[in-house]
Amino acid sequence: MNIKSILLGASAAALAATGAQAADLPVAPEPVDYVRVCDAFGTGYFYIPGTETCLKIGGGVRVEARMNDVLSDGGSNWDARTDESTRFRARGYFNFDSRTNTEYGLLRTYVAAYITADNLNGEVLTLDEAFIQLGGFVAGRTASYFQFYTGDNWGAVLDQGFADYGETNLFAYTAQFGNGLSASVSVEAPNKRGQIFYNGLQMGTPNVAATSTSPAAISGYGGMKVPDFVANLRVDQGWGSAQIMGALHHVYGVSTGGTGTGANFATANTAYVGKGKLGWAIGAGATFNLPMIAAGDSFSIQATYASGAVGYVSSAWDGVVSDASYNGTTGGLKLSTAWGIGAGFTHFWTPAISSSLTASYNKVDQAVSQADFSDINVQGNLVWRPVSGLSTGIELEYRNRNFKAASGLADQDTLAGIFRVQRTF
């Protein structure tokens, strides 16, 4: 064996060893963009793959049996006999909440909707909320910035006596001053709180439809000319929260010409002058946490007053009372006034069992000669949460509507009951 053969053999052995070692090395896997948990905004969020945006998907199912004066057969009143006194209802919820931290503050979009099906209205799709938030700016559909306390109970059949109309379209800005203190201003669509108009005199009852002797007796609002302007000052701290709020509302009815000669018109062929006025509302409320009694316990109270904007006092009057009325003779516009006060208490008997009680008193003085009345609303429930996210319970709701004696109308007492099962995730 010569030197050349020895060198060639050594080189071949070295190459073989190197090849074997390279083959033993692990191959780097292709990059995979796994879904990552996002804990910057609480539980349930995850990063949308390829972005720094966190998303949370939620929803729920609510099933109810509602009984409203079920023991009354309506007698000879055909409308009462055909009323749906017992209703079974199912509702499915879904919502999407996306959040991204930016140099301008939190960028958030939120969409919530639900589908309701019952034996009265069939299937109905409702857009509950849809808004964009950047820092302190909010644009879209969400709760009015006048709204603070709407009751501790469900208020599923009878209103709890607060202005709870659901969400409205708005543009708003909130300034944070630290230590839980904030101030907000909002420009809002007025349609949720604008009540009906009465044109003419002698409207004896609320919610009276036009008849052959009272053409155009109820006309409603004119087209939207000016939005509602809302502002609040709020504090949120460990003890609870409080808010004072105010709203300006453009009162502007449809300008119509009366053509009838019935008792509902002071003069035949009266021309109603479509003048507008400025309505307003103010309110204040507070919620106090009561952990010294039991974890989760709270007490809330709120009072409101309105002139020409009675929808800011109670949503129980929606379509029942008027914000204002034109005088059938002069065409002058008179505003209705209303005020209300209410409170609620929630107590946890055990971590899984709670009760809530809400009571309110509201009074409306309607413009011109529509019937004035007051409402007393009381609701109470008992709720059991056997496991996290699941609740079931019963609620009783009562309302007494007391009409002014001069109206000649009988007082109304209404009792409703609800059985509910709800799963939220």
Side-chain angles (χ1 to χ4, degrees), residues 68-69 72 75 77 79-80 155 157-163 193-211 213-214 216-221 249 251 253 262-266 272 277 279-283 302-330 332-343 358-379 397-416:
N68 184 7
D69 282 348
S72 173
N77 186 326
D79 289 335
V157 177
L158 302 178
D159 194 280
Q160 298 184 75
F162 303 92
R193 284 172 168 76
Q195 299 301 300
I196 58 178
F197 260 74
Y198 286 124
N199 286 337
L201 297 176
Q202 306 302 322
M203 293 299 299
T205 65
N207 203 25
V208 176
T211 68
T213 59
S214 60
I218 300 177
S219 295
Y221 265 80
H249 175 72
V251 185
N264 290 315
F265 288 83
Y272 296 98
K277 283 190 175 182
W280 53 273
I282 56 174
Q302 178 174 286
T304 51
Y305 181 88
S307 174
V310 298
Y312 281 93
V313 175
S314 174
S315 48
W317 299 335
D318 192 24
V320 175
V321 303
S322 62
D323 275 337
S325 180
Y326 288 118
N327 185 291
T329 302
T330 67
L333 181 61
K334 183 179 179 181
L335 303 182
S336 302
T337 60
W339 65 274
I341 185 169
T358 303
S360 65
Y361 176 84
N362 302 310
K363 190 176 189 303
V364 60
D365 181 7
Q366 297 202 75
V368 191
S369 60
Q370 288 83 58
D372 302 334
F373 63 89
S374 60
D375 281 348
I376 296 175
N377 304 282
V378 181
Q379 296 88 20
E397 302 174 357
Y398 170 76
R399 181 179 66 205
N400 169 260
R401 179 158 291 172
N402 183 271
F403 290 96
K404 193 174 181 179
S407 70
L409 300 175
D411 295 345
Q412 299 173 358
D413 291 287
T414 306
L415 180 66

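Predicted, not measured: the structure shown is a model, and the values here were computed from it.
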For this session: For Ser360, enumerate each residue passing the side-chain hydrogen bond (donor to acceptor under 3.5 Å, both in side chains) test, keeping only those at least two apart in sequence or located in another chain.
Result: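 side-chain hydrogen bond (donor to acceptor under 3.5 Å, both in side chains) check on Ser360 returns Asn377.
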Exercise. Listed by chain and number, what are the side-chain hydrogen bond (donor to acceptor under 3.5 Å, both in side chains) partners of Asn402, not counting sequence neighbours?
Worked result: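 Once residues adjacent in sequence are excluded, the partners of Asn402 under the side-chain hydrogen bond (donor to acceptor under 3.5 Å, both in side chains) criterion are Asp411.
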Exercise. Run the side-chain contact (heavy atoms from CB on, under 4.5 Å) check on Tyr398 and Asp413 step by step: do they pass?
Worked result: CA-CA 7 Å; Tyr398 170 76; Asp413 291 287; 2.4 Å; yes
Which heavy-atom pair separates [X] from [Y] by the least distance, and what is that distance?
| X | Y | answer |
| --- | --- | --- |
| Gly283 | Thr304 | CA-CG2, 3.9 Å |
| Gly161 | Asn362 | O-ND2, 3.1 Å |
| Ala309 | His249 | CB-CB, 3.9 Å |
| Ser322 | Val310 | O-CG2, 4.1 Å |
| Leu335 | Ser307 | CD1-OG, 3.8 Å |
| Gly340 | Val313 | N-CG1, 3.8 Å |

Exercise. Where does the angle between the aromatic ring planes of Trp317 and Phe373 fall among parallel (under 30°), tilted (30 to 60°) and perpendicular (over 60°)?
Worked result: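 Judged by the thresholds at 30° and 60°, the geometry between Trp317 and Phe373 is perpendicular.
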When you measure from the side chain of [X] to the backbone of [Y], do you find a donor-acceptor pair of N or O atoms at a distance under 3.5 Å?
| X | Y | answer |
| --- | --- | --- |
| Asn400 | Ile376 | no |
| Ser336 | Ala367 | yes |
| Gln160 | Ala316 | no |
| Thr358 | Val378 | no |

Got a second to check how far [X]'s [atom1] is from [Y]'s [atom2], nearest 0.5 Å?
| X | Y | atom1 | atom2 | answer |
| --- | --- | --- | --- | --- |
| Asn68 | Glu397 | CG | CD | 9.0 Å |
| Asp372 | Lys363 | CG | NZ | 6.0 Å |
| Lys334 | Lys277 | NZ | NZ | 9.5 Å |

Problem set entry | Ser374: which of Trp339, Tyr361, Phe403 passes side chain to side chain contact (heavy atoms under 4.5 Å, CB included) |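 Only one option passes, and that is Tyr361.
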